[in-house]
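Below, read A as the first sequence line, B as the second, and so on, with proteins coming before strands; counting in each chain starts at 1.
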Amino acid sequence: MTKPNPFRYFKTSREIIRLAVMLYVRFPLSLRNVEGLLHERGIDVSHEAVRYRWHRFGPMFASEIPKRRIEGMKSSRWRWHLDEMFVKINGEQRYLWRAVDHEGEVLESFVTKTRDKKAALKFLKKAMRKHCCAEVFVTDLLRSYGAALKEIGTARRQESGRWLNNRAENSHLPFRRREREMLRFRRMRSLQKFAAVHASVYNHFNQERRLSTRTNFKLNRAAALAEWRGFGAA
DNA sequence: TTGCTCCACCGGGGTGATAC
DNA sequence: GTATCACCCCGGTGGAGCAA
């Protein structure tokens with residue numbers, strides 16, 4: 001049985017939907033910014049429609065990215081950097097746990113209410129289910145990591161130190177920039193959704209520019225964009 | 001049935017006015 | 001010069017209702 005076309009019923013073309021979702025997730029733009037940019041290109045869409053489309057297709061596009069990228073990267077994911085960041089939702093503190101590999105690729109994002117062993121365990125299990133297991137877990141000095149890794153039986157693979165997981169700390173920056181532009185999240189559900197999609201899209205377009213020549217950078221960028229334009233085509 | 005728009009709401013950030 | 005406050009702007013969000 002074939003899957004129904006997800007773009008059926010939509011009045012606008014799938015190219016425009018892909019463009020709207022990419023603009024909103026990839027760049028630090030608000031829904032209204034995207035509305036304005038599309039209007040500049042002669043596309044009339046309300047910010048609510050952009051929201052509707054990103055909610056509908058963001059996770060779908062994001063789920064296609066790992067399928068294409070993970071296979072070639074599993075062997076290189078030997079070192080995970082784990083860190084958690086504070087995010088306010090309606091004035092209440094929540095925690096966004098993130099796992100980053102040694103190349104800066106975001107492996108997993110997970111939102112919790114607490115920052116204890118239980119939350120760390122949940123996060124680690126989720127990440128390991130998806131990406132198998134790392135040889136080394138680099139963490140900060142938060143004791144929840146040690147307790148959770150001990151329970152999983154991988155405590156000996158932990159390396160912790162105040163400055164050791166700077167890579168994970170740095171990976172928060174694009175998300176922080178984005179969060180600032182959005183002013184705030186109002187629901188844990190929307191934070192979880194946005195964090196997951198943002199990580200996938202960031203990985204997809206992140207070219208590690210400093211490591212390649214201008215020519216290679218342009219080729220990789222074009223390839224990423226071409227790939228993006230193929231999402232949702234099946 | 002579904003996509004989309006309109007409208008209203010809540011809340012954080014920025015800014016200018018005012019008091020000290 | 002600095003701190004405080006009120007106000008406005010702009011962000012995401014939810015629900016009702018319309019149109020295809």
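- For A:Tyr52, taking side-chain heavy atoms from C-beta onward, the closest of the listed nucleotides C:dG11, B:dC4, C:dG14 is B:dC4.
- The CD-C1' distance, from A:Gln192 to C:dG12, rounds to 18 Å in whole Å.
- Between A:Ile16 atom CD1 and B:dC4 atom C1' the separation is 14 Å, expressed in whole Å.
- If you check every strand for non-hydrogen atoms under 4.0 Å, A:Arg53 touches sugar and phosphate atoms only.
- Within the structure, a side-chain polar atom (N or O) of A:Tyr24 is placed less than 4.0 Å from OP1 or OP2 of C:dG12.
- Atom P of nucleotide B:dC4 and atom CH2 of A:Trp54 are separated by 16 Å, given to the nearest angstrom.
- At whole-Å resolution of the value, NE2 in A:His47 and P in C:dC10 are 13 Å apart.
- By the 30° and 60° cut-offs, the orientation of the rings of A:Phe137 relative to A:Trp80 is perpendicular.
- Between A:Ser46 and B:dT5, a side-chain N or O to OP1/OP2 separation shorter than 4.0 Å is present.
- Distance, A:Asn33 CG to C:dG12 P: 8 Å, rounded to whole Å.
- Contact annotation: the side chain of A:Val106 never approaches that of A:His198 to less than 4.5 Å [non-hydrogen atoms, C-beta and beyond].
- Atom CZ of A:Phe194 is separated from atom C1' of C:dG11 by 13 Å (rounded to the nearest Å).
- The separation between A:Glu48 atom CD and B:dC7 atom C1' is 9 Å, rounded to whole Å.
- As a whole-Å value, the separation of A:Phe57 CZ from B:dT2 C1' is 11 Å.
- Taking 4.5 Å as the limit, some side-chain heavy atom of A:Tyr145 sits within range of a side-chain heavy atom of A:Asp140.
- Side-chain proximity of A:Arg51 to B:dT5, C:dG11, C:dT13: nearest is C:dT13.
- Using the six-membered ring where Trp is involved, A:Phe110 and A:Phe123 have ring planes that are parallel, under 30° apart on the 30 and 60° scheme.
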